[in-house]
2 protein chains.
Amino acid sequence: MAVTRNTIQRDLVLQAVLDLKNHPTPEEVYEHIRKQHPTISKGTVYRNLNVLVDKGLLLKVDVPDSANRVDHTLKSHYHIRCKTCGKVFDMDMPDMTGEIKSMIRDTKGFEIEKYGLFFTGVCPECSKEKE
Amino acid sequence: MAVTRNTIQRDLVLQAVLDLKNHPTPEEVYEHIRKQHPTISKGTVYRNLNVLVDKGLLLKVDVPDSANRVDHTLKSHYHIRCKTCGKVFDMDMPDMTGEIKSMIRDTKGFEIEKYGLFFTGVCPECSKEKE
DNA sequence: ATCCTAATTAAGAAAGATTATTAATAAGGA
DNA sequence: TCCTTATTAATAATCTTTCTTAATTAGGAT
């Protein structure tokens, strides 16, 4: 990454994620900012989210079969997506980095950089409605 | 799922995955079949891969930031993607389903259906070329 | 304070992955 | 052989994300 400048848009993107709290999608961040700044561009939101993730100010959450999300919580934790309503929630479980690393028998020369652990299920709300 | 019929296309899709062995993308499956059956449609490949996954004959592999893949190996195992060349490899580590389940403190009323554990890194080939 | 340069922007096109639509075909039970 | 409906090929559409381009602007140098 070369030099980065402080722009209003970058601040708006970071602030939007902090305001929206729970793992917003880039689309949600875009819509949130648009209320006050209707001319912001979606590409700007995507680009700045990536910059902020690269800088370590946000965490990227990879969500299978759906738009990715960003998390303002920097502490390692895991997520679950309801396959019915699509919402993403935090899992209540401790960090497993140590356990997972210790289970790798042979890296086969790979430089392992990161891992993702992600759950899928049905949230209580949607469970109820099925009856 | 309603009644399913046995079609030539379905067989071709399954056989292609078995032939290609390592976690092909739908695109790769499509290209493989096309060599012998140039009129097969990409939609047919996607649909049948989904049907075969639903039937439990193949495993779906969710790959962050890239096309998903299917695996002909049905035994639970994990994958790593080289962020440089994009190739996907098997991890050499035992199943962790028990450990992961036992770490969940509170499901908060969620019906947890499945989890995915996925690694990212740089493969030995690409590591070498960086020097 | 003014200049300069490269990072950044808005707007929109483009790319990649996947699903939906539609009319025609065909699997497989009656 | 007939009938119903799952399935197909072809293609459009959708969703997510990145890229392109000309104009703007941040912030260090003058």
Side-chain angles (χ1 to χ4, degrees), chain A residues 1-17 23-55 57-58 60-70 81 83 85-88 118, chain B residues 1-17 23-55 57-58 60-70 81 83 85-88 118:
Chain A
M1 219 182 328
V3 184
T4 54
R5 292 177 181 172
N6 296 322
T7 62
I8 297 167
Q9 289 86 346
R10 192 108 80 218
D11 286 345
L12 287 172
V13 169
L14 178 56
Q15 197 53 54
V17 176
H23 358 87
T25 61
E27 183 69 33
E28 286 165 349
V29 173
Y30 172 63
E31 289 303 337
H32 183 80
I33 298 173
R34 223 145 78 95
K35 287 175 192 156
Q36 298 299 322
H37 301 84
T39 62
I40 195 156
S41 165
K42 198 179 279 190
T44 297
V45 172
Y46 270 96
R47 189 169 18 75
N48 281 308
L49 286 173
N50 287 338
V51 170
L52 292 165
V53 167
D54 284 348
K55 286 183 155 191
L57 296 175
L58 295 176
K60 179 160 178 270
V61 183
D62 289 307
V63 183
D65 302 317
S66 149
N68 289 330
R69 290 155 182 272
V70 283
R81 177 172 186 268
K83 68 171 188 178
C85 66
K87 287 193 194 120
V88 172
F118 198 93
Chain B
M1 215 182 331
V3 185
T4 54
R5 292 175 181 173
N6 298 322
T7 63
I8 296 167
Q9 289 88 343
R10 190 107 80 219
D11 287 346
L12 288 172
V13 169
L14 179 55
Q15 196 54 52
V17 177
H23 358 88
T25 60
E27 183 69 33
E28 287 166 349
V29 173
Y30 172 62
E31 288 304 336
H32 183 81
I33 297 172
R34 224 146 78 95
K35 287 176 191 156
Q36 299 299 322
H37 301 85
T39 63
I40 195 156
S41 166
K42 196 178 283 192
T44 298
V45 172
Y46 270 95
R47 190 169 17 75
N48 279 309
L49 286 174
N50 286 339
V51 169
L52 292 165
V53 167
D54 283 348
K55 284 182 156 192
L57 296 174
L58 295 176
K60 180 160 177 270
V61 184
D62 289 307
V63 183
D65 302 316
S66 149
N68 288 331
R69 290 156 182 271
V70 283
R81 176 170 186 269
K83 67 171 188 176
C85 67
K87 286 191 195 124
V88 172
F118 197 93

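Chain identifiers are assigned alphabetically (A, B, ...) following the order of the sequence lines, protein sequences preceding nucleic acid strands; residue numbering begins at 1 within each chain.
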Taking salt bridge (Lys or Arg N to Asp or Glu O under 4.0 Å) as the definition, give me every residue that meets it alongside [X], ordered by chain and number, with sequence neighbours left out.
X	value
Arg34(A)	Glu31(A)
Lys60(A)	Asp62(A), Asp65(B)
Asp11(A)	none

Looking at every non-hydrogen atom in both residues, tell me the closest pair between Tyr30(A) and Ser41(A) and how far apart they are. CE1-C, 3.9 Å

Does Tyr46(B) put a side-chain nitrogen or oxygen below 4.0 Å from OP1 or OP2 of dT19(C)? no

What is the distance from [atom1] of [X] to [atom2] of [N], rounded to the nearest Å?
X	N	atom1	atom2	answer
Gln9(A)	dT8(C)	CD	P	11 Å
Lys42(A)	dT18(D)	NZ	C1'	13 Å
Arg47(B)	dT25(C)	CZ	C1'	13 Å
Asp65(B)	dT17(D)	CG	C1'	10 Å

In numerical order, the residues of residues 24-35 of chain B whose heavy atoms come under 4.0 Å of DNA chain D are none

Is any side-chain heavy atom of [Y] closer than 4.5 Å to one of [X]?
X	Y	result
Leu52(B)	Arg10(B)	yes
His23(B)	Val17(B)	no
Val29(B)	His32(B)	no
Asn68(B)	Thr25(B)	no

Short N/O separations, protein against nucleotides 20-24 of chain C, under 3.5 angstrom:
none

Return the set of residues passing side chain to side chain contact (heavy atoms under 4.5 Å, CB included) with [X] (not counting sequence neighbours), or none when no residue passes.
X	value
Gln9(A)	Thr7(A), Ile40(A), Thr44(A), Asn48(A)
Pro26(A)	Tyr46(A), Leu49(A)
Leu12(B)	Ile8(B), Ile33(B), His37(B)
Ser66(B)	Val63(B), Arg81(B)

Please tabulate the protein-to-nucleotide N/O contacts below 3.5 Å involving nucleotides 27-30 of chain C, giving atom names and distances.
unit_1	atom_1	unit_2	atom_2	d
dA27(C)	N3	Arg5(B)	NH1	3.2
dA27(C)	N3	Arg5(B)	NH2	3.4
dG28(C)	OP1	Asn6(B)	N	2.8
dG28(C)	OP1	Asn6(B)	ND2	3.4

Axis deviation across the helix from dA1(C)-dT30(D) to dA30(C)-dT1(D), five-pair ends, to the nearest 10°: 30°

Show every salt bridge (charged side-chain N to carboxylate O under 4.0 Å, His left out) that has at least one partner inside residues 40-49 of chain A, sequence neighbours left out. Glu27(A)-Lys42(A)

Nearest to the side chain of Ala67(B) - dA17(C), dT19(C), dT11(D)? dA17(C)

When Asn48(A) and Asn68(B) are each assigned the nearest nucleotide of DNA chain C, the 5'-most assignment goes to Asn48(A)

